[in-house]
2 protein chains.
Amino acid sequence: MGCKIAEFQQEQKKRIRSVQDSMDVLNGKWKIAIISSICCFGTRRFSDILNDVEGISNRMLSKELKELEVNQLITRTVLATQPITVQYELTEHGDTLQTIISNLTDWGQVHRQKITGK
Amino acid sequence: MGCKIAEFQQEQKKRIRSVQDSMDVLNGKWKIAIISSICCFGTRRFSDILNDVEGISNRMLSKELKELEVNQLITRTVLATQPITVQYELTEHGDTLQTIISNLTDWGQVHRQKITGK
DNA sequence: CTGAATCCAGATGGATACTG
DNA sequence: CAGTATCCATCTGGATTCAG
């Protein structure tokens with residue numbers, strides 16, 4: 001007790017673990033892009049996202065969506081249209097990612113210029 | 001021209017690409033944790049980070065640090081101590097990730113409670 | 001101490017074809 | 001349309017050993 005430095009380091013380790021927790025959820029080549037797509041349109045269908053996120057395959061989209069659903073970031077709703085369509089939506093919890101997404105968008109733009117644009 | 005919907009969708013695709021750009025840089029199991037470690041201490045040595053980021057191997061740390069350096073997020077300084085030590089520091093550009101790191105830390109904490117804590 | 005080198009299992013992800 | 005199934009190459013990352 002009283003060892004401020006050790007305390008600080010413990011605090012820091014906790015923080016790092018928290019960041020890791022976030023990244024575990026948002027990991028995978030496409031997850032953030034998918035959330036970003038759904039987020040901006042409010043509600044989005046499978047084929048729409050497939051089109052929004054350039055380069056993703058339906059196999060990957062399906063897999064990533066499932067993981068996001070398990071982590072309670074999005075909800076899946078089957079619509080009784082012909083043929084069937086499926087809607088994805090952010091949960092309240094998923095919605096809390098908005099700030100991060102927005103920041104990442106801005107940062108990505110600046111970074112691209114920094115690296116390539118010179 | 002005048003097709004507002006198509007315009008909006010193009011804008012959206014750009015945004016998604018920007019998020020992808022960010023994630024490309026921050027990808028890898030440990031990158032954010034490493035940045036987080038350096039960020040909080042201002043300057044950090046190899047062995048310190050190795051200790052901060054639980055579970056990482058020196059092989060991975062070395063690799064991820066190199067990538068971060070290439071992307072100009074950190075700088076590497078060799079100190080002429082005996083034995084040699086190496087210091088890592090955020091660049092000005094890397095520093096701009098602070099907000100994102102901070103948000104991810106907070107979000108990760110909330111998320112963990114949401115999922116496990118229940 | 002700070003890596004680089006090697007070995008290797010398992011995860012990731014693309015292409016393609018198929019189903020309800 | 002919204003997936004699932006299969007095949008397969010590549011990537012990831014851990015363990016361990018070695019080097020300056």
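Below, chain A is the first sequence line, B the second, and so on; all start at residue 1.
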If I take atom OH in residue B/Tyr88 and atom P in nucleotide C/dT2, what distance separates them, rounded to the nearest angstrom?
8 Å
Should A/Ser62 be listed as having a side-chain N or O under 4.0 Å from OP1 or OP2 of D/dT4?
yes
Measure from CD on B/Glu67 to P on C/dA4 and round the result to the nearest Å.
12 Å
To 10°, what angle do the rotation axes through the five end pairs on each side of the helix from C/dC1-D/dG20 to C/dG20-D/dC1 form?
50°
Quick one: ring-ring contact (aromatic ring centres under 6.0 Å, His included) partners of A/Phe46, sequence neighbours excluded?
none
Are the side chain of B/Ser62 and the backbone N or O of B/Arg59 linked by a donor-acceptor pair below 3.5 Å?
no
One thing to verify: whether A/Asp52 and B/Lys13 come together as a salt bridge, which I'm taking to mean a side-chain N less than 4.0 angstrom from a carboxylate O.
no
Does the protein touch nucleotides 7-20 of chain C at the base, only the backbone, or not at all? Give it as B, S and - per nucleotide, heavy atoms under 4.0 Å.
B-----BBB-B---
With a cut-off of less than 4.0 Å, is there a side-chain N or O of B/Ser47 near OP1 or OP2 of C/dT2?
yes
Does one side chain, of A/Arg17 or A/Gln20, offer a donor that lies under 3.5 Å from an acceptor on the other?
no
Could you state the atom-to-atom distance from CD1 of B/Ile49 to C1' of C/dT2 in whole Å?
11 Å
Please state how far atom CG in B/Leu79 lies from atom P in C/dC1, giving the value in whole angstrom units.
14 Å
Keeping the roles fixed (side chain from B/Thr105, backbone from A/Ser18), state whether a donor-acceptor pair exists under 3.5 Å.
no
Checking B/Gln109 against B/Arg112: is there a side-chain donor and acceptor pair closer than 3.5 Å?
no
Taken to the nearest whole Å, CG/B/Asn51 to P/C/dT2 is 12 Å
Main chain of B/Trp30, side chain of B/Glu64: is a donor-acceptor contact present, judged purely on distance under 3.5 Å?
yes
What's the CG-P distance between B/Leu65 and D/dG13, to the nearest Å?
14 Å
State yes or no: do B/Val70 and B/Val86 share one hydrophobic cluster built from I, L, V, M, F, W and Y residues joined by side-chain heavy-atom distances below 4.5 Å, directly or via other members?
no
In whole Å, I'd like the distance from the CG atom of A/Asp48 to the P atom of D/dC1.
9 Å
Using whole Å, what does the distance between atom P of nucleotide C/dC1 and atom CG of B/Leu50 come to?
9 Å
Ring centroid separation A/Phe41 to A/Tyr88 under 6.0 Å:
no
